Amino acid sequence: SMYHSFTLTKPMGIVVSHCESNFRSTTCSLKHLDGNVIMSSNNYPGENECSNDLLGFLKVKQLPPGSYSIESVGYFTVDQ
């Protein structure tokens, strides 16, 4: 797993895309810093998702100010 943390000082849209990943399957999750999941690519509704639906994608049109983290997990590289 890889984690990236960030803080928004004003409302902003975000996109997390694994569409060009070298993994066969990925997931990504947007979380509050306390670890509570806000949204996961496992239950993403599909707007603009990757053509390979095994690759993680999230789009949030308006995320409120606050501190967040993104967890990215990859399973099996293309050459495995």
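Values reported hereafter were calculated over all heavy atoms of this structure, with side chains retained and with hydrogens, waters and symmetry mates removed. Bear in mind the structure is a predicted one, so any value in this text is a computation, not a measurement.
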Original post:
At what distance, to the nearest 0.5 angstrom, does NZ of K10 lie from CD of Q62?
Top reply: 10.5 Å
Original post:
Would a 4.5 Å heavy-atom cut-off, applied to side chains only, mark S67 and S5 as touching?
Top reply: no
Original post:
Is there side-chain contact between L8 and L63, with heavy atoms separated by less than 4.5 Å?
Top reply: yes
Subject >> Heavy-atom pair of closest approach, residues T26 and G56 >> reply: OG1-N, 2.6 Å
Original post:
Which one of L54, V73, L55 satisfies the side chain to side chain contact (heavy atoms under 4.5 Å, CB included) criterion with S25?
Top reply: L54
Subject >> Closest non-hydrogen atom pair between C19 and F57, with its separation >> reply: SG-CD1, 4.0 Å
Subject >> Centroid-centroid distance, H32 to Y68, less than 6.0 Å >> reply: yes
Subject >> Shortest non-hydrogen separation from I70 to L30 and the atoms involved >> reply: CG1-CD1, 4.1 Å
**OP:** Locate the shortest heavy-atom distance separating F23 from Y75; write the atom from each residue and the value.
**Re:** CD2-N, 3.6 Å
Original post:
When hydrophobic residues are tied together by side-chain contacts of less than 4.5 Å, even through go-betweens, does I14 share a cluster with V37?
Top reply: no
Subject >> NE2-OG distance between H18 and S41, expressed to the nearest 0.5 angstrom >> reply: 7.0 Å
Subject >> Donor on one side chain, acceptor on other, E71 and S29, under 3.5 Å >> reply: no
Subject >> E20 atom CD, over 12 foreign heavy atoms within 6.0 Å >> reply: no
Subject >> Pairwise distance CG(L33) to OG(S69) - rounded to 0.5 angstrom >> reply: 5.5 Å
**OP:** Determine whether I38 and V60 fall in the same hydrophobic cluster, where Ile, Leu, Val, Met, Phe, Trp and Tyr are linked whenever their side-chain heavy atoms lie under 4.5 Å apart.
**Re:** yes
